[in-house]
Amino acid sequence: MAHRALRIIAAAALAGTVLTACTTEPAPTGTTGGTGKGSSDGKLVLGFAQVGAESGWRTANTKSVRDAAEKAGITLKFSDAQQKQENQIKAIRTFIQQKVDVIAFSPVVESGWDTVLKEAKNAGIPVILTDRAVDSQDTSLYRTFLGSDFVKEGQEAGKWLVKEYEGTSGTVNVVELQGTTGSAPANDRKAGFAEAVKGDPKFKVVASQTGDFTRAKGKEVMQAFLKSHEDIDVLYAHNDDMALGAIQAIEEAGKKPGTDIKVISVDGIKDAFVAMEQKKINVVVECNPLLGNQLMELAKKVAAGEDVPRRVETEEGVFTQDQAAAALPSRQY
């Protein structure tokens, strides 16, 4: 269960100013600078192992980290895991060999991290989890988690659905596009949604399958859903890119997204707000990717041996169609 290791720790909220942008790279690379402890220019060195570039959310997250590192005067060694855990583990081991000051990463999946994190701990390098949690009983393997409450995001999606159908008695058939199998957001957004709707038997999840957080896969899986289920009332997508791909499939099937099939999504990228303005998405639960500034502040503190909260959450909201037009100009990603 996602965040199970983190839930035993009191939550602490930390809000900060944030930046945006985008990039991908196939392997660990560094900006100008040294090798952490004992680097020639004296800069703090942060090794960051990113999941990949599977969505608009992720590219915004990557750019935020890059821009914030430059602004903070931190040397960033960046790795794109291309959504493969083995690539992230290899990158973390490279960062350990390079003797960076701090390691941060957004884990592809929740399990299987203890060995490499123990290696970082033995090397005296503090670790920060960003955006996604790990499933480990040993919470000493990382100093803090920075990101969203994915269970809460799923709950917010479910709460909107319950309210939308309040007072109706007919069966509501829901199809679910899950994120990457085994990832924290996929596990938690599924669990939170299920918890929110379980009290009303009219909600039936008739199909649930991974779309791997990508637009292409979201379209592909939705096409399959439409072929096997003629009476779909609601689509719940674990991220906007899958929702946008699914909308293409819905339209190609001769149905109206947002009307014939209500669409619930998570993230809050610009394209989703455009789709809301066009009445194709009904509601978006925000998940803020702009973590760069907060990450740099935490990196400085843990490198200096300062105490930090065990959990740092971002501020997020829920947006409906009537709010989309006003909110769209201010979207930074």
Partners of [X] by salt bridge (charged side-chain N to carboxylate O under 4.0 Å, His left out), sequence neighbours excluded?
| X | answer |
| --- | --- |
| Asp260 | none |
| Glu54 | Arg58, Arg132 |
| Glu119 | Arg93 |

Got a second to check how far [X]'s [atom1] is from [Y]'s [atom2], nearest 0.5 Å?
| X | Y | atom1 | atom2 | answer |
| --- | --- | --- | --- | --- |
| Lys84 | Lys90 | NZ | NZ | 11.5 Å |
| Arg311 | Phe145 | CZ | CZ | 5.0 Å |
| Ser55 | Gln83 | OG | CD | 8.0 Å |
| Lys300 | Asp101 | NZ | CG | 12.5 Å |
| Leu291 | Thr62 | CG | OG1 | 10.5 Å |

Quick check: does any side chain N or O of [X] sit under 3.5 Å from a backbone N or O of [Y], one acting as donor and the other as acceptor?
| X | Y | value |
| --- | --- | --- |
| Lys204 | Pro201 | yes |
| Ser79 | Ala49 | no |
| Gln88 | Val108 | yes |
| Thr180 | Ser183 | no |

Apply side chain to side chain donor-acceptor pair (under 3.5 Å) to [X] and list each qualifying residue two or more places apart in sequence or on a separate chain.
| X | answer |
| --- | --- |
| Gln278 | none |
| Asn173 | Asp231 |
| Asp322 | Thr320 |
| Gln321 | none |

*Could I get the full list of ring-ring contact (aromatic ring centres under 6.0 Å, His included) partners for Trp113, not counting sequence neighbours?*
Phe105
*State which residues pass ring-ring contact (aromatic ring centres under 6.0 Å, His included) with Phe319; sequence neighbours excluded, sorted by chain then number.*
Phe273
*Do any pairs count as a ring pair (Phe, Tyr, Trp, His ring centres under 6.0 Å) and have a residue in residues 180-232, sequence neighbours left out, and if so which ones?*
Phe193-Tyr236
With no hydrogens and no angle check, just 3.5 Å: does a side-chain donor-acceptor pair link [X] and [Y]?
| X | Y | result |
| --- | --- | --- |
| Ser208 | Gln178 | yes |
| Lys121 | Ser140 | yes |
| Asn61 | Gln50 | yes |
| Thr314 | Gln294 | no |

*Report the C-alpha separation of Ile96 and Ile103 in whole Å, then their side-chain angles, then the decisive distance to 0.1 Å, and conclude whether the side chain to side chain contact (heavy atoms under 4.5 Å, CB included) test is met.*
CA-CA 8 Å; Ile96 294 170; Ile103 292 172; 3.9 Å; yes
Following the transitive rule for hydrophobic clusters with a side-chain heavy-atom cut-off under 4.5 Å over Ile, Leu, Val, Met, Phe, Trp and Tyr, establish whether [X] and [Y] coincide in one cluster.
| X | Y | answer |
| --- | --- | --- |
| Val266 | Val197 | yes |
| Ile232 | Ile264 | no |
| Val175 | Val283 | no |
| Val312 | Ile74 | yes |
| Val172 | Leu177 | no |

_Let's go through Val102 and Arg143 carefully: what are the C-alpha distance in whole Å and the side-chain angles of both, what is the deciding distance for side chain to side chain contact (heavy atoms under 4.5 Å, CB included) to 0.1 Å, and is it a yes or a no?_
CA-CA 10 Å; Val102 181; Arg143 288 290 305 279; over 6 Å; no
Do you know the tightest heavy-atom contact between [X] and [Y]?
| X | Y | answer |
| --- | --- | --- |
| Phe95 | Gly47 | CE1-C, 3.5 Å |
| Ile250 | Val263 | CD1-CG2, 4.5 Å |
| Val285 | Ala157 | CG2-N, 3.8 Å |
| Ala120 | Val127 | CB-CG2, 3.9 Å |
| Gly179 | Thr210 | O-OG1, 2.9 Å |
| Ser111 | Gln85 | O-NE2, 2.7 Å |

_Would Ile269 and Arg331 count as a side chain to side chain contact (heavy atoms under 4.5 Å, CB included) here? Give the steps._
CA-CA 7 Å; Ile269 64 174; Arg331 302 312 291 175; over 6 Å; no
_Selection residues 237-255 - residue pairs positive for side chain to side chain donor-acceptor pair (under 3.5 Å), sequence neighbours left out_ = Glu176-His238, Arg215-Asp241, Lys219-Glu252, Asp240-Ser265, Glu251-Lys280
_One pair to check against side chain to side chain contact (heavy atoms under 4.5 Å, CB included): Asp149 and Gln155. What are the steps and the verdict?_
CA-CA 10 Å; Asp149 185 335; Gln155 289 171 339; over 6 Å; no
Without placing hydrogens or testing angles, list every side-chain donor-acceptor pair under 3.5 Å for residues 158-168, not counting sequence neighbours.
{"residue": "Glu164", "atom": "OE2", "partner": "Lys262", "partner atom": "NZ", "Å": "3.4"}
{"residue": "Thr168", "atom": "OG1", "partner": "Tyr165", "partner atom": "O", "Å": "2.7"}

*From the options Glu315, Glu313, Glu316, select the one residue that forms a side chain to side chain contact (heavy atoms under 4.5 Å, CB included) with Asn288.*
Glu316
*Taking atom CD of Glu230 as the centre, report whether more than 12 heavy atoms of other residues, nucleotides or ligands fall under 6.0 Å from it.*
no
*Around Lys202, counting heavy atoms of other residues, nucleotides and ligands shown, do more than 12 lie under 6.0 Å from its NZ?*
yes
